[in-house]
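Quick note: numbers below take in every heavy atom, side chains included, and nothing from hydrogens, waters or symmetry partners. A quick note: this is a predicted structure, and the numbers were derived from the prediction, not measured. Quick note: residue numbers are just sequence positions, from 1.
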Amino acid sequence: MTLRTRISESLKQAMRDKAADRLSTLRLINAAIKDKDIAVRATGNDDGVADDEVLAILGKMAKQRQESARAYEEGGRLDLAERENAEIEVIEEFLPRQLTEAEVAAAVEEAIADQNASSIRDMGKVIGVLKGKYTGQMDFGKVGPMVKEKLS
């Protein structure tokens with residue numbers, strides 16, 4: 001079952017269950033996917049985005065909500081932070097399991113070895129390999145500096 005299908009089925013189930021908060025989050029996910037579909041249609045791709053791109057969209061949405069929740073907590077708006085955290089839970093249902101620090105480090109080492117990377121110039125190749133294999137499973141904002149450190 002594709003990721004899109006799983007999201008659609010969850011949306012229908014949320015409608016049946018009358019779960020308003022879950023339904024609104026699933027509709028936001030669908031809207032983000034459709035926006036990206038429309039954007040890629042301009043390049044001649046009428047099929048829409050693939051599952052790896054949907055994973056990237058979901059990862060970005062989760063990260064945005066984590067930042068918002070942190071800001072709300074710092075501002076003393078715990079009610080809004082709780083709402084953001086509830087949305088994160090729904091989004092994370094569709095994301096693969098996040099890799100641990102040790103697994104990320106091992107994946108970085110493996111990618112560097114696969115690409116025979118030896119200098120900072122090879123960083124793009126290494127990140128490309130990691131994004132191809134581990135989209136949605138690691139935070140590339142943290143992985144970038146780790147790759148840079150290993151290649152320096």
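- Remark: Ile88 CD1 to Thr25 OG1 distance equals 10.0 Å, nearest 0.5 Å.
- The NZ atom of Lys63 sits 10.5 Å away from atom CZ of Phe140, with the distance rounded to the nearest 0.5 Å.
- Taking each heavy atom of Ala111 and Val129 in turn, the nearest pair found is CB-CG1, 4.1 Å.
- Using a 4.0 Å cut-off between charged side-chain N and carboxylate O, Glu93 and Arg22 make a salt bridge.
- With a 4.5 Å cut-off on side-chain heavy atoms, Phe94 and Leu26 count as touching.
- Hydrophobic cluster membership is shared by Leu99 and Ile112, with clusters built from Ile, Leu, Val, Met, Phe, Trp and Tyr side chains linked at under 4.5 angstrom.
- Looking at every heavy atom in both residues, Leu55 comes nearest to Leu95 through O-CD2, 3.8 Å.
- Atoms CG and CD, from Asp21 and Glu82 in turn, are 11.5 Å apart once rounded to the nearest 0.5 Å.
- Distance alone, capped at 3.5 Å, is enough to place a donor-acceptor pair between the Arg65 side chain and the Met61 backbone.
- With a 6.0 Å radius and a threshold of 12 heavy atoms from other residues, nucleotides or ligands, Arg83 has its CZ atom at or below the threshold.
- The two residues Ile120 and Ser152 make their nearest non-hydrogen contact at CD1-OG, 4.3 Å.
- Between Glu103 and Arg97, at least one side-chain N (NZ, or NE/NH1/NH2) sits under 4.0 Å from a carboxylate O, which counts as a salt bridge.
- For the pair Val147 and Leu130, the minimum side-chain heavy-atom distance is below 4.5 Å.
- Between Ile7 and Val54 there is a side-chain heavy-atom pair separated by less than 4.5 Å.
- Ion pairing of Lys133 with Glu110 is present here, as a side-chain N (NZ or NE/NH1/NH2) and a carboxylate O approach within less than 4.0 Å.
- The two residues Glu73 and Ala81 make their nearest non-hydrogen contact at CG-CB, 3.6 Å.
- Smallest separation of non-hydrogen atoms from Ala105 and Met146: CA-SD, 4.0 Å.
- Lys34 pairs by the side-chain contact (heavy atoms from CB on, under 4.5 Å) definition with nothing, not counting sequence neighbours.
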Review item, side-chain donor-acceptor pairs of residues 10-17, under 3.5 Å, at least two apart:
{"from": "Ser10", "atom 1": "OG", "to": "Arg6", "atom 2": "O", "distance (Å)": "3.0"}
{"from": "Gln13", "atom 1": "OE1", "to": "Arg16", "atom 2": "NH1", "distance (Å)": "2.7"}
{"from": "Gln13", "atom 1": "NE2", "to": "Asp17", "atom 2": "OD1", "distance (Å)": "2.9"}
{"from": "Gln13", "atom 1": "NE2", "to": "Asp17", "atom 2": "OD2", "distance (Å)": "3.4"}

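- Between atom CD of residue Glu87 and atom CG of residue Leu28 there is a gap of 6.0 Å, rounded to the nearest 0.5 Å.
- Side-chain atoms of Thr5 and Thr2 include a donor-acceptor pair closer than 3.5 Å.
- Under the 3.5 Å distance criterion, the side-chain polar atoms of Thr43 are left unmatched by any main-chain donor or acceptor of Ala39.
- Taken together through direct or relayed side-chain contacts under 4.5 Å among Ile, Leu, Val, Met, Phe, Trp and Tyr, Val104 and Leu151 form part of one hydrophobic cluster.
- Residues Val49 and Leu3 share a single hydrophobic cluster, defined by chaining ILVMFWY side chains whose heavy atoms lie under 4.5 Å apart.
- Residues Ile127 and Lys131 have side chains in contact (heavy-atom distance under 4.5 Å, counting atoms from C-beta outward).
- Between Glu53 and Ile33, the closest side-chain pair of non-hydrogen atoms is not below 4.5 Å.
- For Asp52, the CG atom is densely surrounded, since the number of other residues' heavy atoms within 6.0 Å is greater than 12.
- Closest heavy-atom contact between Asp122 and Asn116: OD2-O, 4.3 Å.
- In this structure, the separation between CD1 on Ile91 and CD on Gln64 is 8.5 Å, given to the nearest 0.5 Å.
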